[in-house]
Amino acid sequence: MKTIWCLGSINIDLFYDVPHIPAPGETLAATGHSEGLGGKGANQSVAAAKAGAPVHHIGAIGANSAWVIERLESFGVDTTHIAHSTDPTGHAIINVASDGENAIVILPGANRSLAEDGITAALSNAQPGDLLLLQNETNLQPETAQKASEIGMRVLYSAAPFDAEAVRAVLPHIDMLLLNEVEAQQLEKALEQSLYELPIKHIVITLGPNGARWISTQSGDTIDTPGIKVDAVDTTGAGDTFAGYLAAALSRDFTPSEAMAFAGRAAALKVTKKGTADAIPTLAEVEAFDP
Ligand code: RIB
């Protein structure tokens, strides 16, 4: 089994249960509140670790957040390469509506204070064939992707939160691009190119309740994984769960269709629970899930 390295955000997630996503200018009373570990990067690390892969997280936190490290470690994530920053730990305000939809505001804080020497030191332990996971909530994404690609690692980039320029910057160094349907349309519009023409070997588009599609751009082959019907209570972190489980499956040499089905089951289970890292299903839960 290969090791997974994840350069990614670590956030304190502040959840507010709301009857609907607030409109501009509207003040809403939340009906519930909770707090937990999150951040697209941390969620992906936790998902991959829960799926059974060896995972090293590369990131940064601010002062007074030791519980965040303890939480990551409790899920089996190696935290050796998490730096301590003078910036505050990142946090996210997450409104979750009664239909399970969400709206998120993040304060990047320490997530954008990563130093290149820390990343170089971390990746000096990586091996060819290991996987690097990246998302768009830290600094130094293209630099890290380039280093990993030079080592011979497989680089998987989740284009979230979406920024076409951030995607453009990592494109030369990545093996797989992960997008949701909206992000896929935004990227085609911004680059004025079909996804099939992009210089990346593999693109995975998650389609929410409709499953996911794997596109191998060189052959034009596609693999579709059907959606799984569940009662959704919170879609937050479903994409991260999919990405982490997909990476873990690839690290264990699953075929693309097996990996997609495995990740799809994990993401479907996630949306049945409120929360982010804590709500990501365990391997035992995913294996026992028979939709
Ligand atoms: O994808 C969900 C994540 O987005 C949350 O955990 C939040 O922290 C934001 O990064």
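Side chains are part of it too, since the values below use all heavy atoms of this structure and drop only hydrogens, waters and symmetry mates. Every number for a ligand or one of its atoms is a count from 1 in the order of the listing.
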Give the atom numbers and elements of ligand 1 that come within less than 4.0 Å of a heavy atom of [X].
X	value
Asn11	7 (C), 8 (O), 9 (C), 10 (O)
Gly39	5 (C), 6 (O), 7 (C), 8 (O), 10 (O)
Asp13	5 (C), 6 (O), 7 (C), 8 (O)
Asp240	1 (O), 2 (C), 3 (C)
Ala92	7 (C), 8 (O)

Exercise for the section: Could you tell me whether Arg213 and Asp224 make a salt bridge, using a distance below 4.0 angstrom between a side-chain N and a carboxylate O? Expected result: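 Yes, charged N to carboxylate O under 4.0 Å.
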Handout entry: Check ion pair Asp87-Arg112 (N to O, under 4.0 angstrom)
Key = no
Practice task
Please work out whether the ring planes of Trp214 and His202 are parallel, tilted or perpendicular, with thresholds of 30° and 60°.
Solution key: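 Rings of Trp214 and His202: perpendicular, as their planes differ by over 60°.
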Handout entry: Test of proximity, Thr236 against ligand 1: N or O pairs below 3.5 Å
Key =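 Among all N and O atoms of Thr236, none is under 3.5 Å from an N or O of ligand 1.
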Practice task
Could you say whether the N/O atoms of Ser9 and ligand 1 ever approach to under 3.5 Å?
Solution key: no
What do you reckon, is [atom1] of [X] surrounded by more than 12 foreign heavy atoms closer than 6.0 Å?
X	atom1	answer
Lys147	NZ	yes
Asn64	CG	no
Glu192	CD	no

Problem - Nearest protein heavy atom with distance in Å, relative to atom 4 (O) of ligand 1 - result: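 Here the closest protein heavy atom is Lys40 NZ, 3.1 Å.
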Practice task
Starting from atom 9 (C) of ligand 1, find the nearest protein heavy-atom neighbour and note its residue, name and distance.
Solution key: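 Going atom by atom, the protein heavy atom closest to atom 9 (C) of ligand 1 ends up being Glu137 OE2, 3.6 Å.
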Problem - Single hit among Asp17, Asp13, Asp234 for salt bridge (charged side-chain N to carboxylate O under 4.0 Å, His left out) with Lys274 - result: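 Among Asp17, Asp13, Asp234, the one meeting salt bridge (charged side-chain N to carboxylate O under 4.0 Å, His left out) with Lys274 is Asp17.
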